[in-house]
Amino acid sequence: MSKQANFSDTFLQEAEELLVSVEERILDVETNPHDKEAINGLFRAMHTIKGSGAMFGFDEISRFTHHVETALDLVREGKLRVSKQLIDLTLASRDQIKSMLDEARGNGKASRATAQEIVDAFVRLAPNDKRMTTAPCGILETRPSMLSRNKTYRIRFTPHRNIFATGMDPSLIVEELGGLGACVVTLQLNNLPALCDMDPEACYLAFDMVLTTQHELNEIHDVFIFVEDVSEISVDEISLRELDDVPKLGEILLDRGVVTKKSLDTALSKQERVGNILSAQGEVSPDQIDAALAEQSVLRQKKESMVEESVKVPAGKLDRLINLVGELVITQEQLKIASAQMSAADLATQVEEIGRLTGELRDIALNVRMMPIGGTFNRFKRLVRDLSLELGKKIKLDTYGEDTEMDKTVIDRLGDPLVHLIRNSLDHGIESPEERAQKGKPEFGTICLSARHQGARIVVSIEDDGKGLNPAVIKQKAVEKGLVDADRPMTEQQIFELIMEPGFSTAQTVTSVSGRGVGMDVVKREIAALRGAIDIKSKLDEGTTISLGLPLTLAIIEGLLVEVGESKYIIPVALVEECLEMSAANRAMDKERNLLTVRGAIIPYVRLRDVFVEKGRRTATEEAIIIENGGRSFGIVVDHVVGQHQTVIKSLGPMYRHIKGLSGATIMGDGSVALIIDVGQILQIAGNQEDYRLNSTRRFEGEPKDVRDACWMT
Amino acid sequence: MAKKIMSADDSPSMRQMVSFTLKEAGYEVVEACDGKDALDKLKTEKIDMLITDLNMPNMDGLELIRQMRQLPEYKFIPVIMLTTESDESKKNAGKSAGATGWLVKPFNPPQLTAVVKKVLR
């Protein structure tokens with residue numbers, strides 16, 4: 001840095017000039033030991049060399065000069081006599097400093113031994129003086145600001161009456177506090193005299209503040225550093241933890257020491273607004289009331305925001321609300337149809353208006369239950385930190401998709417399974433720092449929590465870069481526990497799924513962190529209860545990714561209404577890429593394999609008619625709906641695509657939840673029932689379609705119809 | 001309008017550093033080499049803040065502060081003393097003389113600008 005070099009040069013020059021004057025002055029003092037001017041000059045010279053030296057990086061020179069400077073200061077104060085020894089030492093110091101300056105300029109080397117001798121000699125001159133025996137310190141680096149949890153403080157600042165005379169503007173202090181966080185300021189004017197009695201150069205104001213900040217307490221105190229010895233300052237934390245309810249005004253006034261319990265009780269017994277009474281009683285000034293009210297307001301907001309995070313509304317109430325909204329939407333659709341048939345213009349406008357209002361109501365009702373998953377994610381940061389410390393591993397947690405919104409009930413129930421999965425990653429997944437170093441992995445293991453929309457589902461993933469799952473070990477264990485036959489061929493996917501079987505645990509030691517092997521099967525059950533699915537991907541030594549696919553069960557979605565035989569189905573529009581007619585060529589193709597070509601690409605497909613074993617023959621024309629799922633496309637072939645339709649999802653009752661391929665049902669405008677397709681499961685079914693064809697096509701017969709009937713009951 | 005700060009110090013390297021740092025931060029700077037020089041310059045310059053060393057020839061920092069505070073237009077401007085750790089006792093003397101605050105030498109440029117921001121609007 002050229003400017004830095006500049007300062008150094010200036011300093012070196014300055015120091016050299018000072019040394020010249022030092023030499024002259026020492027000789028003066030030698031002649032006249034009481035020459036105050038010379039002694040002061042000497043002191044100042046050394047003082048400057050020491051101070052400026054430290055400023056510009058010449059620490060060694062600064063440290064050395066400290067002792068001679070101290071000695072001269074003692075002489076100034078009359079605590080040390082001017083002796084021959086002192087003169088000699090001072091001259092020696094001057095020479096030493098000169099050679100150190102020369103060394104800094106690149107001329108020769110200064111003797112450290114000589115320096116030490118001189119320092120020791122000075123110390124012997126005044127062995128009891130603390131300043132002589134302590135070394136000076138260099139630039140004190142300001143500690144970086146440490147942020148922690150939000151805390152709320154009650155701060156009272158009463159500036160000294162004459163504060164203006166020291167050039168301090170108290171409002172700057174208040175502003176500086178405001179820079180630390182949200183600060184509500186109430187001015188206290190009770191000391192303000194009448195205008196005729198007021199001294200315009202005096203400060204009669206006091207400031208009551210409620211500050212909410214993540215900064216540490218000492219940072220708050222630092223704000224007052226220039227005024228704390230003359231002004232009144234108090235900083236008290238207001239603990240919100242004990243708050244069951246926002247404290248009442250009277251309680252706060254009591255807490256602030258503004259009123260006595262007796263006054264408060266008297267006031268309360270008169271059943272009027274506490275603030276007014278106390279003010280009327282003359283015991284409390286309106287400003288003090290305002291300040292207390294300000295505190296109450298801040299606390300109320302804090303409480304509300306806290307309450308917001310943990311609002312408990314009986315799920316039943318919300319369900320009923322949303323159900324009703326759903327019914328409203330359906331009824332409104334029926335109204336639309338009926339009104340169209342009646343062709344009465346006035347009616348049409350009103351019906352349209354109802355449609356608009358219903359739409360808005362529907363959106364808000366849905367929104368009530370939707371919450372960003374971020375809140376849940378944040379819980380885990382602390383968990384990961386604490387557990388990784390306990391386990392002696394270095395782990396960091398990344399999160400993505402915190403804004404992804406999900407139904408609140410789903411989020412709530414997702415908490416425990418996620419905790420368990422994360423604990424598993426921490427405990428069994430991420431290796432110890434030594435192991436990781438051996439494998440050439442970064443010291444810190446990473447767990448990545450993410451949430452994203454995928455069509456009509458939310459996918460929550462826990463991905464770690466730990467040691468991954470070992471299929472061989474898992475299979476071995478499963479065989480030992482009698483869960484599978486040793487010789488049964490299994491895909492890697494199937495082996496991974498074994499870890500979710502009850503009573504399975506490959507952990508060498510069961511730690512306090514992850515508990516026994518009951519975990520994964522419980523997780524599986526809980527996710528299944530949410531109508532979700534677990535997908536496990538893993539690569540040995542690279543890591544594991546567990547994905548939870550969760551449906552939006554009670555929501556209203558945009559769907560594509562299709563007909564297959566006499567049945568109606570809904571396919572979530574979000575997943576649909578395009579619809580096209582099954583050309584004669586494509587239909588001809590499907591003798592052996594269900595494949596169709598779309599613009600040169602070959603895409604496998606399923607025929608809903610086959611999946612759900614629809615009665616009757618294939619129709620003359622068919623349409624294919626191309627679905628994008630997990631990066632790959634496939635087709636669902638139906639008889640006819642009716643069009644887009646807004647759907648209120650009703651879940652299939654408990655009896656039918658296990659049916660694969662369906663994620664819910666809906667009631668159409670005309671009262672009939674349409675089944676909502678679970679695209680992911682259809683894919684699975686299609687994959688096993690060969691099996692089904694061979695084994696039991698009869699499996700689905702009769703069931704869909706029962707399900708449809710069952711819908712009427714729910 | 002940029003605020004004008006006076007830097008009073010008998011060490012040219014100090015003045016240079018203070019001057020450079022404050023100019024970089026957007027302030028105007030007037031330099032003085034001791035208390036007497038400072039008071040002289042105040043006759044013709046209007047400043048918004050004073051940063052002064054305590055140990056200076058001709059007139060030291062404390063005396064400068066005392067005399068400056070007598071001038072009506074400088075009764076209320078912020079004044080920062082540059083002290084070294086051995087001058088702890090001087091802090092109180094400075095306060096009595098009318099100083100607003102202090103900065104301990106040695107310090108780095110960010111610390112200097114932080115203190116200025118603390119006391120100068």
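Just so we're clear, the structure is a prediction, and the values are computed from it rather than from any experiment. In what follows, every chain begins at residue 1, and chains take the letters A, B, ... in the order their sequences are listed.
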Problem - Between B:Thr100 and A:Thr166: side-chain donor-acceptor atoms closer than 3.5 Å - result: no
Exercise for the section: Apply the test side-chain contact (heavy atoms from CB on, under 4.5 Å) to residues B:Gln16 and A:Phe11: give CA-CA distance (whole Å), side-chain angles for both, the deciding distance (0.1 Å), then the verdict. Expected result: CA-CA 10 Å; B:Gln16 191 184 34; A:Phe11 167 71; over 6 Å; no
Practice task
State, with a plain yes or no, whether a side-chain heavy atom of A:Arg44 is found less than 4.5 Å away from one of B:Pro57.
Solution key: yes
Handout entry: Enclosure of A:Glu232 CD (heavy-atom neighbours >12, cutoff 6.0 Å)
Key = no
Exercise for the section: Measure across B:Phe76 and A:Phe164 and return the closest heavy-atom pair with its distance rounded to 0.1 Å. Expected result: CD2-O, 3.1 Å
Exercise for the section: First locate atom CZ of A:Phe58, then atom OG of B:Ser13, and finally report the distance between them rounded to the nearest 0.5 Å. Expected result: 9.5 Å
Practice task
Please say whether more than 12 non-hydrogen atoms of neighbouring residues, nucleotides or ligands are located less than 6.0 Å from CZ in A:Arg81.
Solution key: no
Exercise for the section: Below 4.5 Å from any heavy atom of chain B, which atoms of A:Gln13 appear? Answer side chain, backbone, both or neither. Expected result: neither
Practice task
To the nearest 0.5 Å, tell me how far B:Met56 CE sits from A:Asn40 CG.
Solution key: 13.5 Å
Problem - Side chain to side chain, A:Lys50 and B:Lys105, heavy atoms closer than 4.5 Å - result: no
Practice task
Provide the closest heavy-atom pair for B:Pro106 versus A:Gly51 in the form atom of the first, atom of the second, distance.
Solution key: CB-O, 4.5 Å
Problem - Flag side-chain contact, heavy atom, 4.5 Å: B:Met14 against A:Glu14 - result: no
Problem - Under 4.5 Å from any heavy atom of chain B - which part of A:Asp229 - result: side chain
Problem - Non-hydrogen side-chain atoms of A:Phe226 and B:Ile80 separated by less than 4.5 Å - result: yes
Handout entry: Rounded distance [0.5 Å steps], CD1 in A:Ile225 versus CH2 in B:Trp102
Key = 5.5 Å
Practice task
Go through the steps for B:Asn55 and A:Thr48 under the test side-chain contact (heavy atoms from CB on, under 4.5 Å), then give the verdict.
Solution key: CA-CA 8 Å; B:Asn55 289 294; A:Thr48 299; over 6 Å; no
Exercise for the section: Just do the side-chain contact (heavy atoms from CB on, under 4.5 Å) check on A:Ser171 and B:Arg121 with the steps written out, would you? Expected result: CA-CA 10 Å; A:Ser171 66; B:Arg121 186 172 285 285; 2.6 Å; yes
Handout entry: Side-chain heavy atoms of A:Leu172 within contact of B:Lys118, under 4.5 Å
Key = no
Fill in the blank from the handout: Value for CD1 (B:Ile77) from CE (A:Met168), rounded to nearest 0.5 Å, stands at 13.5 Å
Handout entry: NZ/B:Lys4: more than 12 non-hydrogen atoms of other groups inside 6.0 Å
Key = yes
Practice task
Might you work through the salt bridge (charged side-chain N to carboxylate O under 4.0 Å, His left out) test for B:Lys117 and A:Glu176, ending with a clear yes or no?
Solution key: CA-CA 9 Å; B:Lys117 285 198 161 52; A:Glu176 200 179 331; over 6 Å; no
Fill in the blank from the handout: Rounded to the nearest 0.5 Å, the CG atom of B:Asp9 sits from the OG atom of A:Ser52 at a distance of 6.5 Å
Practice task
Under 4.5 Å heavy-atom distance to chain A, tell me which part of B:Leu50 shows up: side chain, backbone, both or neither.
Solution key: neither
Exercise for the section: For chain A, find which of B:Gly98, B:Pro78, B:Pro12 contributes the most heavy-atom pairs closer than 4.5 angstrom. Expected result: B:Pro12
